[in-house]
Amino acid sequence: MGNASSMLTQYDIEEVQEHCSYLFSQQEIVALYERFCQLDRNAKGFISADEFLSIPEFSLNPLSQRLLKMIDGLNFKDFVAFLSAFSPKAFLQQKIELIFRVYDIDGNGRVTFNDLLEVLRDLTGSFMSEEQREQVLSHLLEESGYTRDASLVLDDFIKILGKSDMKMEVEVPVD
């Protein structure tokens with residue numbers, strides 16, 4: 001599996017399935033591997049930031065630079081594990097953990113008001129003023145029982161988002 005141009009064996013497929021908690025079928029893993037090989041243009045066995053940016057939907061995402069920090073240099077097994085958070089079969093906690101990692105800008109395990117503000121800035125661009133962003137976030141935090149001085153940890157995110165009916169899904173086309 002190290003060489004992107006090699007074929008997946010049945011053992012490789014089962015190993016990847018186990019690594020991603022069986023959230024993808026064997027057929028989906030083969031389809032993901034084909035896509036991985038297309039993205040890994042130099043057959044290095046991993047996908048670089050530039051290769052990820054060649055995906056139009058990814059490059060247009062306002063959070064693409066944040067996501068790149070998380071996924072630059074992923075091998076196939078880790079690529080599938082990353083995508084598993086987007087599986088319809090993924091548990092809500094997996095989805096929340098991914099969101100937390102996106103919001104945890106400096107990777108210190110804490111999300112501050114300024115971290116939230118920075119992500120909201122990326123998402124809204126010029127459609128909201130800084131004052132509106134701060135009001136929205138202050139209100140959201142207050143409704144959840146936090147102040148703008150709070151540093152949120154993963155358990156806080158789970159508490160806040162755990163009751164939501166969040167949809168974060170990607171469809172794996174299997175031909």
Side-chain angles (χ1 to χ4, degrees), residues 16 19-24 28 32 35-36 39-40 46-172:
V16 171
H19 186 67
C20 71
S21 304
Y22 299 92
L23 293 173
F24 293 111
E28 289 172 321
L32 286 170
R35 182 65 173 137
F36 179 86
L39 291 171
D40 181 17
F46 64 89
I47 303 176
S48 69
D50 288 340
E51 290 165 332
F52 271 110
L53 288 172
S54 73
I55 305 168
E57 299 84 357
F58 186 83
S59 63
L60 295 174
N61 186 317
L63 298 176
S64 63
Q65 293 305 311
R66 275 178 215 296
L67 292 168
L68 277 179
K69 291 177 186 174
M70 296 168 53
I71 60 179
D72 185 23
L74 289 184
N75 63 26
F76 176 64
K77 197 174 178 180
D78 293 334
F79 173 73
V80 175
F82 174 77
L83 290 178
S84 66
F86 297 95
S87 167
K89 299 176 201 168
F91 291 105
L92 181 60
Q93 181 160 340
Q94 287 174 277
K95 297 173 188 294
I96 294 171
E97 286 171 4
L98 176 66
I99 292 168
F100 182 81
R101 287 176 44 212
V102 169
Y103 279 70
D104 182 13
I105 293 167
D106 56 9
N108 69 353
R110 298 192 163 288
V111 174
T112 64
F113 184 82
N114 286 334
D115 292 334
L116 294 169
L117 193 58
E118 196 170 320
V119 171
L120 189 57
R121 202 176 287 129
D122 289 347
L123 290 171
T124 61
S126 61
F127 294 108
M128 286 179 91
S129 71
E130 195 69 9
E131 184 179 329
Q132 289 172 315
R133 286 185 201 103
E134 288 184 19
Q135 287 174 349
V136 165
L137 289 177
S138 293
H139 182 72
L140 174 73
L141 287 171
E142 282 174 29
E143 279 192 354
S144 302
Y146 298 93
T147 67
R148 66 185 282 164
D149 297 327
S151 283
L152 305 177
V153 295
L154 178 59
D155 286 343
D156 297 321
F157 261 62
I158 292 169
K159 178 182 161 189
I160 293 168
L161 298 174
K163 297 178 182 100
S164 68
D165 188 24
M166 189 180 332
K167 298 285 187 230
M168 275 180 33
E169 298 176 2
V170 65
E171 193 171 308
V172 180

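Values below: all heavy atoms of this structure, side chains included; hydrogens, waters and symmetry mates excluded. Fair warning: this is a prediction, and the values are worked out from it, not measured in the lab.
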How many angstroms lie between [atom1] in [X] and [atom2] in [Y], if you round to the nearest 0.5 Å?
X      : Y      : atom1 : atom2 : answer
Lys69  : Ile105 : NZ    : CD1   : 7.5 Å
Leu120 : Leu137 : CG    : CG    : 5.0 Å
Phe36  : Glu51  : CZ    : CD    : 8.5 Å

For [X], all residues meeting side-chain hydrogen bond (donor to acceptor under 3.5 Å, both in side chains), sequence neighbours excluded:
X      : value
Ser151 : none
Asp115 : Thr112
Ser64  : none
Gln93  : Glu97

With sequence neighbours left out, what residues match Glu130 under salt bridge (charged side-chain N to carboxylate O under 4.0 Å, His left out)? Arg121, Arg133
Partners of Asp122 by salt bridge (charged side-chain N to carboxylate O under 4.0 Å, His left out), sequence neighbours excluded? Arg66
Qualifying residues under ring pair (Phe, Tyr, Trp, His ring centres under 6.0 Å), relative to Phe58, sequence neighbours excluded: Phe52
List in chain and number order the residues that pass ring pair (Phe, Tyr, Trp, His ring centres under 6.0 Å) with Phe91, two or more places apart in sequence or in another chain; answer none if no residue qualifies.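 Phe91: no ring pair (Phe, Tyr, Trp, His ring centres under 6.0 Å) contacts found.
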If you look only at pairs with a residue in residues 113-149, which of them pass as a ring pair (Phe, Tyr, Trp, His ring centres under 6.0 Å), with sequence neighbours excluded?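 Checked against ring pair (Phe, Tyr, Trp, His ring centres under 6.0 Å) - neighbours excluded - no pair reaches residues 113-149.
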Classify the ring geometry between Phe100 and Phe157 as parallel (under 30°), tilted (30 to 60°) or perpendicular (over 60°). perpendicular
Over all heavy atoms of both residues, which pair between [X] and [Y] is shortest? Give the atoms and the distance, please.
X      : Y      : answer
Val119 : Leu63  : CG1-CD2, 3.9 Å
Leu123 : Tyr103 : CD1-OH, 4.3 Å
Phe24  : Leu83  : CZ-O, 3.7 Å
Ser84  : Cys20  : CB-CB, 4.0 Å
Leu141 : Thr147 : CD1-O, 3.8 Å

Apply side chain to side chain contact (heavy atoms under 4.5 Å, CB included) to Val136 and Met128, showing your working. CA-CA 10 Å; Val136 165; Met128 286 179 91; 3.5 Å; yes
Evaluate the side-chain proximity of [Y] to [X]: yes if any heavy-atom separation is below 4.5 Å, no if none is.
X      : Y      : answer
Ile160 : Leu152 : yes
Phe86  : Leu98  : yes
Ile47  : Ile71  : no

Okay, side chain of Asp104, backbone of Val111: is any donor-acceptor separation there less than 3.5 Å?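 Looks like no, no N/O pair under 3.5 Å.
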Would you list the pairs meeting salt bridge (charged side-chain N to carboxylate O under 4.0 Å, His left out) in which at least one residue belongs to residues 145-160, sequence neighbours left out?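 Every salt bridge (charged side-chain N to carboxylate O under 4.0 Å, His left out) pair that includes a residue of residues 145-160, provided the two are not neighbours, is Glu134-Arg148.
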Ser126: which residues meet the side-chain contact (heavy atoms from CB on, under 4.5 Å) condition with it, sequence neighbours left out?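 Listed in chain order: nothing, the list is empty.
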How would you list, by chain and number, every residue that makes a side-chain contact (heavy atoms from CB on, under 4.5 Å) with Ala90, sequence neighbours excluded?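 Checked Ala90 against side-chain contact (heavy atoms from CB on, under 4.5 Å); matches are Leu23, Ser87, Gln94, Lys95.
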Decide yes or no on side chain to side chain contact (heavy atoms under 4.5 Å, CB included) for Ile55 and Leu39, but give the supporting numbers first. CA-CA 8 Å; Ile55 305 168; Leu39 291 171; 3.6 Å; yes
